[in-house]
Amino acid sequence: MAALSKSIPHNCYEIGHTWQPSCWLSFLHITRGALEESLRIYAPLYLIAAILRKRKLDYYLHKLLPEILQSASFLTANGALFMAFFCILRKLLGKFYLWSPGFGAALPASYVAILVERKSRRGLLTIYMANLVLLFCITAAMYMFFFRCKDGLKGFTFSALRFIVGKEEIPTHSYSPEAAYAKVEQKTEKQEGKPRGMNIVALVRKLVDSICKHGPRHRCCKHYEDNCISYCIKGFIRMFSVGYLIQCCLRIPSAFRHLFTQPSRLLSLFYNKENFQLGAFLGSFVSIYKGTSCFLRWVRNLDDELHAIIAGFLAGVSMMFYKSTTISMYLASKLVETMYFKGIEAGKVPYFPHADTIIYSISTAICFQAAVMEVQTLRPSYWKFLLRLTKGRFAVMNRKVLDVFGTGASKNFPDFIPRLDPRYTVVTPEMPIEFS
């Protein structure tokens, strides 16, 4: 309680926007930097999502840009309004307390910002937790179970999983071997009469078929054209290619900026480790899931929705190839959201209006409190994201002054002292410099 009541008299220039005495200009600097970074994040993200969802031309002409701008505005508002409330709180309180420069400024900023975002995207966000791979394994297991259940998933989530794992894994609801066998025979007869063009794709397919020509296929399996072995191999090749191409596309803007100054960097567009890591992640996820599903069909002689829990959990190990906190936490939060609304539909969970908005605001405020007072407790990936969003300005806060609260605020910045203009300070700077 003593720490909570402790205060320091410094103004917002001395603590927060140390690069610029003006609160208004500092707000504009943060807004401009955050908007640039937000557009760089959301533009390719929405474009790739539109392609995967096979959107029609009307969407690209009338809806794509507004959706990009809306989400970019949300992220921009989160960063810019934090700076605004940082200054407003200082003016209202007359000093800084332990909670005010981080949690106090971020809570209203996050609440207002999330209202800008589309309601369908207001996922339940939480602060970082648990082991990353284990969390993804559990999340993947539940997602795949809901995917296999009747009316388990809808909309984009269902479409995305259908694209990733293939239409052969669409819910079958305890498919019987006899029914499956009849469809296999019917499908085979139709395929025999179709000529195949000898292009590159056909040659690769023929090669894989020849390797796995005599492989087994259980009668419950719905992959009519392939045996179980080739089915897993083709799944890996397909999603590895998708992951590789996605990562290449994301690196194009950065590579072309150096087209004339460093043309050799264009090679990194195709031979970058991250390209192969994302490909290995997606490819192994699909192949492990499909392989486990086929194995369980052989063992149990039945196609059951419960298989998806085991297969999804094992497939989650693929996160080791591409350890992304962003992917893991986003999917986990969306899973919580899905389960929450399913509980509401079943009448087993009470409905709390604006629950997603409130939880997002509180969890984000906690993260910002840590970013101001205890940077060492944040995951490096989240800290780097904050630096990108603010063009590095989050790192130039005067954290040595905040050490009085006992949180070790300057632990990661032992030698940094901002160069402040003493004409705009309340307390004489530790190392004053002359200004003309």
Side-chain angles (χ1 to χ4, degrees), residues 41-42 44-55 131-148 153 155-170 200-201 204-205 208 212 223 226 228-252 268-295 307-335 381:
I41 291 172
Y42 281 110
L45 180 66
Y46 273 75
L47 182 60
I48 292 172
I51 294 173
L52 294 180
R53 298 180 70 174
K54 299 180 181 179
R55 293 287 195 178
N131 178 274
L132 188 62
V133 175
L134 179 60
L135 176 63
F136 183 72
C137 287
I138 297 173
T139 303
M142 296 308 299
Y143 262 118
M144 300 316 300
F145 173 70
F146 285 127
F147 175 70
R148 290 297 307 274
L153 293 175
F156 174 71
T157 306
F158 180 84
S159 300
L161 286 176
R162 181 175 59 185
F163 174 81
I164 292 173
V165 301
K167 61 184 179 180
E168 297 85 1
E169 298 296 336
I170 289 177
I200 296 177
V201 176
V204 173
R205 179 185 289 272
V208 174
C212 309
H223 44 88
D226 306 301
C228 293
I229 298 176
S230 63
Y231 176 59
C232 298
I233 294 176
K234 289 179 180 179
F236 176 85
I237 295 174
R238 174 175 169 270
M239 290 312 299
F240 179 89
S241 304
V242 170
Y244 177 84
L245 291 174
I246 288 176
Q247 198 66 39
C248 283
C249 292
L250 292 177
R251 295 179 62 84
I252 286 177
S268 66
L269 181 66
F270 304 101
Y271 299 101
N272 186 274
K273 182 176 71 172
E274 291 184 358
N275 297 6
F276 296 99
Q277 287 177 333
L278 182 58
F281 163 57
L282 292 177
S284 59
F285 180 90
V286 172
S287 59
I288 293 173
Y289 177 80
K290 290 184 173 182
T292 305
S293 296
C294 288
F295 174 77
H307 294 173
I309 296 179
I310 300 174
F313 184 87
L314 294 178
V317 178
S318 60
M319 176 61 73
M320 297 181 66
F321 290 108
Y322 192 79
K323 294 182 179 180
S324 171
T325 302
T326 303
I327 293 176
S328 185
M329 292 306 302
Y330 176 76
L331 292 177
S333 66
K334 294 300 292 183
L335 177 62
S381 58

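Keep in mind that the numbers below use all heavy atoms, side chains included, and drop hydrogens, waters and symmetry copies. Source: prediction; values computed, not measured. Start at 1 with the first residue, then count along the sequence.
In this structure, OH on Tyr143 lies 14.0 Å from CD1 on Ile138, to the nearest 0.5 angstrom. Taken to the nearest 0.5 Å, the OG1 atom of Thr292 stands 7.0 Å off from the CD1 atom of Ile288. Rounding to the nearest 0.5 angstrom, the gap separating the NE2 atom in His307 from the SG atom in Cys294 is 11.0 Å. Annotation: the span from Ile233 atom CD1 to Ile237 atom CD1 amounts to 7.0 Å, rounded to 0.5 Å. Atoms CD1 and CZ, from Ile309 and Phe146 in turn, are 9.0 Å apart once rounded to the nearest 0.5 Å.
When all heavy atoms of Ile48 and Ile246 are compared, the pair lying nearest together is CD1-CG2, 3.8 Å. For the residue pair Phe236 and Ala280, the shortest heavy atom distance occurs at CE1-O, 4.4 Å. Contact record, Phe285 with Ser318: CB-OG, 3.3 Å, taken as the closest heavy-atom pair. Nearest approach of Val165 to Met144, heavy atoms of both residues: CG1-CE, 3.9 Å. Of all heavy-atom pairs between Cys232 and Ser287, the closest is O-CB, 3.6 Å. The two atoms that bring Gln247 and Tyr322 nearest to each other are OE1-OH, 3.6 Å, heavy atoms only.
Two residues are said to be in side-chain contact when any heavy atoms from C-beta on lie closer than 4.5 Å; Leu282 and Phe240 fail this criterion. Using a 4.5 Å heavy-atom threshold, the side chains of Ile164 and Tyr289 count as separate.
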Exercise for the section: For Leu278 and Tyr244, run side chain to side chain contact (heavy atoms under 4.5 Å, CB included): C-alpha distance rounded to whole Å, both residues' side-chain angles, the deciding distance at 0.1 Å, then the answer. Expected result: CA-CA 6 Å; Leu278 182 58; Tyr244 177 84; over 6 Å; no

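Partners of Phe295 by side chain to side chain contact (heavy atoms under 4.5 Å, CB included), not counting sequence neighbours, listed by chain and number: Val299.
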